[in-house]
Novice: 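Before anything else, here's the structure in question.
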Amino acid sequence: MGESLQPSLLAGFDLSAPLPGIANMARELPVARVVIDSAVPHLDRPFDYLVPADLDAAAQPGVRVKVRFGGQELGGFLTERLGHSDPGIKLQPLRAVVSPEVVLSAPVLATARAVAERYAGGVWDVLRAAVPARMARMETEKPSESGPAAADNPPGEPGDHLLAEYHGGTEYARALRAGKSPRAVLSAVPNRPGDWPALLLEAAELVLASGRGVLIVVPDARDLARLCLTLDDHLGSKGYARLSAEDGATPRYRNFLRVARGQARLVVGTRNAAFAPVKDLGLAIIWDDADSSHAEPRAPYHHAREVLLLRCGIEDAGLLLAAPGRSAEAQRLIRSGWAQELEAERRLLRAHAPRVIAASDEFEAERDPLLHAARLPAAAWREAKAALAHGPVLVQVARTGFMPALRCERCRTPARCTACNGPLALGDARGAPACSWCGLVAHDWSCVECGFMRLRAASIGADRTAEELGRAFPNINVVAATGAKPLHSVPDTPALVVATPGAEPVAANGYAAVLLLDGDRMMAREGLRTGEEVLNRWMGAACLARGRDGTKDRPGGGTVVVAGDPSESMRALVRFDAAAYAQSELDERRALGLPPAVRTAMVKGPAATTDKFISALEIDQEVRRHGPVLLDEGEHRWLLFFSYAQGPAVTAALRALRARFSAAKEPIVSIRIDPDGIL
DNA sequence: AGCACGCCGACT
DNA sequence: GTCGGCGTGCTC
């Protein structure tokens, strides 16, 4: 800004009407620039305040402050100290420094700004996710003995060469150790010593040894628990900091302070840990970036992978995207040359991946009513039966409640109510199917397409499946693990473990078999990325199975049975090659001009305002505009398609216009950038 | 969300 | 001539 040319320290102060306390302001750098806690779009910019002399010492960049803003007291972060402000503005004094603790570092602020730009959202919304709520007592708590992270075990004993099992991995490791910041995408080989936590730890230790900090972001509490077991073993619980919203506000803030104070150089956590103020970040690692838990469910709906991409650019840090499968976005980073691919040795993958069997033999199951009820293909039943002699068997089913949707058994046409056209379902009370909208009981249902008179459950939930499997496998212990009843691990004893995607417990020595039962149901969801999501869920579960060959610490013979109609996803699972699948998906999207080969924005709100918003948008003519789509309650939705190169200009235009509309008191339009699940 | 400032009507 | 209606726009 041009004010650096302004010679007078006092420019901008109204000297004719001194403010209270102006005589007592700080002598050096008397102006504090503050981002305020306001969700109002046109107030999403810094405001300047005067620093009273008594707050001078505490008013450092990065601290929480209180300010007076248009009649009310607001919270905020002090971002800068300046010699003077813009001329012609009466500055208010800073009301208070909430705590001298520096909780917002310069690179994190820069990242938050970049994230807000990318997602056309407010900086404050990002900061709220980035900086955990203050817990005042934690600030005075004396740090429990051992100071900076000290590894009890020197880095690098068992499994020190896991990265070397990938083409380019040795060079990648060397670069990390040498203080460089390489970027890579890796699809992890399962059943290696210590599994993926050991692989990520190996990369982290190389960077720690180079004197820099490391950040590891995982999708959820289950993965975090698994990673922390490994870290506790190798570094001790004091050797790193763990940041997860699920740990609760107090431990979260305690750990956050250790990071902010530079007492922890290795940080692991869930999505918002991507903003952890790690000092001198050398490497950020994201595990399983295709998992939807990495997307923040609140505005501006940022994704941890994109946060880290921006942050690594800002801090010149390395990035490692590691996963059981491969997201199309990760594949794009390889294809564009931004990241290198660390590809597994094919021979190694063949030996350590489980054997995968595709079972599409519906008619076999029909002969056995028990298997039919549990919708278990005969091949799956045979494999499970055999595997149960050696260990636990995982059964992955689609996420849904107790109430299944019904279809015609012969032609698969969804069964609908004759009165209101609502979907028919079986309640938990056994009996005739009923409409789940109007409740009308369909006594003698027949298919409107083919006249067939038998129904089949399109899918049933984990609880119901567990019940049915109990009947198909008498005398076998059956446990269910779902989002509602999470279970992190199961013992290495024969049992059937029914779980929904993402909630699969880990078996101590791997599962003897994994049955993937609800592929058709998961595939039935209309959506551009359905095939990709299904493959990722399958790969995630398949990687919990034992390998084809045994290793010295794990038996072999692992088998995966995938049931359902043949599909590209199924073929990719059988070949255990998510990278090739992601590449072909990406090629297809590029040809069609669809995400993630292009970027998208969704604008939605009251019809008139939204249409006006779109026509007032000052963006390149080449940006494709689709709409309006009429939604419920008179709302309109528009979709914009634009290239990655056009991205910054488009999101900047959306942000600027949103601010203009907000200032003009137009109703709120909601904007989502690169939303998942709309297309 | 609150507060100032501003341009019209009603009243001491 | 002055007080005050609330409509519009800004808030460091």
Side-chain angles (χ1 to χ4, degrees), chain A residues 1-98 103-104 106 109-110 112-113 116 121-128 131 298-299 605-606 608-609 612-613 616 655-670:
Chain A
M1 302 196 189
E3 71 263 45
S4 56
L5 300 171
Q6 177 55 256
S8 165
L9 204 68
L10 292 176
F13 305 153
D14 185 350
L15 293 172
S16 63
L19 290 157
I22 194 164
N24 281 329
M25 69 182 180
R27 297 194 56 219
E28 296 280 313
L29 304 176
V31 175
R33 189 152 281 178
V34 174
V35 288
I36 53 166
D37 175 359
S38 167
V40 181
H42 62 281
L43 302 181
D44 186 40
R45 61 190 176 87
F47 290 89
D48 290 349
Y49 289 83
L50 277 177
V51 180
D54 57 326
L55 298 182
D56 186 23
Q60 296 301 316
V63 300
R64 282 183 193 279
V65 292
K66 286 253 181 270
V67 296
R68 184 120 192 121
F69 187 86
Q72 53 187 331
E73 183 115 314
L74 289 184
F77 292 110
L78 196 161
T79 62
E80 263 180 291
R81 288 286 296 267
L82 303 164
H84 51 80
S85 179
D86 287 342
I89 295 167
K90 269 195 232 172
L91 298 187
Q92 293 280 328
L94 211 57
R95 298 284 281 217
V97 172
V98 174
V103 289
L104 180 61
L109 172 63
R113 288 194 162 130
V123 173
W124 189 265
D125 283 339
V126 181
L127 289 177
R128 188 167 32 217
V131 184
R298 294 185 302 178
T609 302
K612 196 159 95 184
F613 188 93
R655 231 153 87 92
L657 191 59
R658 202 231 292 266
R660 248 176 63 198
F661 269 50
S662 155
K665 292 196 161 51
E666 288 273 1
I668 310 260
V669 294
S670 92

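Every chain is numbered from 1, with letters handed out A, B, ... down the list of sequences.
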Novice: Nearest-Å distance, CG (L91(A)) to C1' (dT11(C))?
Specialist: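 Value for this atom pair: 13 Å.
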Novice: Measure the distance from CG on L74(A) to P on dC12(C) and round it to the nearest whole Å.
Specialist: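 Answer to the nearest Å: 10 Å.
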Novice: Take atom CD of E73(A) and atom P of dT11(C), then tell me their distance rounded to the nearest Å.
Specialist: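 Spelled out: CD on E73(A) to P on dT11(C) is 19 Å.
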Novice: Tell me the interatomic distance from R660(A), atom CZ, to dC10(C), atom C1', rounded to whole angstroms.
Specialist: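 Between C1' of dC10(C) and CZ of R660(A): 17 Å.
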Novice: Are D37(A) and R64(A) ion-paired here, with the side-chain N under 4.0 Å from a carboxylate O?
Specialist: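 Salt bridge flag = no for R64(A) with D37(A).
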Novice: In whole angstrom, give the distance that lies between atom CZ of R45(A) and atom C1' of dT11(C).
Specialist: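 For the pair R45(A) CZ and dT11(C) C1', the rounded distance is 8 Å.
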Novice: Rounded to the nearest 0.5 Å, what separates atom CG in L55(A) from atom CE in M25(A)?
Specialist: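 Separation between the atoms: 14.0 Å.
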Novice: Checking the side chain of R68(A) only, and the main-chain atoms of G71(A) only, is there a donor and an acceptor separated by less than 3.5 Å?
Specialist: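 Judged by distance alone, yes, a pair lies under 3.5 Å.
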Novice: If I compare all heavy atoms of V35(A) with all of W124(A), which pair ends up nearest, and what's the gap?
Specialist: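 For V35(A) versus W124(A), the nearest heavy atoms are O-CZ3, 3.5 Å.
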Novice: Figure out the CZ/C1' separation between F47(A) and dT11(C), and round it to whole Å.
Specialist: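 Rounded to the whole Å, the gap is 6 Å.
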Novice: To the nearest angstrom, how far is D44(A) atom CG from dT11(C) atom C1'?
Specialist: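 Atom-to-atom, D44(A) to dT11(C), this comes out as 14 Å.
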Novice: Atom CD1 of I89(A) to atom C1' of dC10(C): distance rounded to whole Å?
Specialist: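 Atom CD1 in I89(A) sits about 11 Å away from atom C1' in dC10(C).
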Novice: Which heavy-atom pair separates D125(A) from A299(A) by the least distance, and what is that distance?
Specialist: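 Looking at all heavy atoms of both residues, the closest pair is CB-O, 3.7 Å.
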Novice: Identify the two heavy atoms, one from V51(A) and one from A32(A), that lie closest to each other, and give their separation to 0.1 Å.
Specialist: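 In terms of heavy atoms, the two residues are closest at CG2-CB, 3.6 Å.
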Novice: Encode nucleotides 1-6 of chain B as B, S and - characters from 5' to 3', where the letter depends on protein heavy atoms closer than 4.0 Å: B to the base, S only to sugar-phosphate, - to neither.
Specialist: B-----
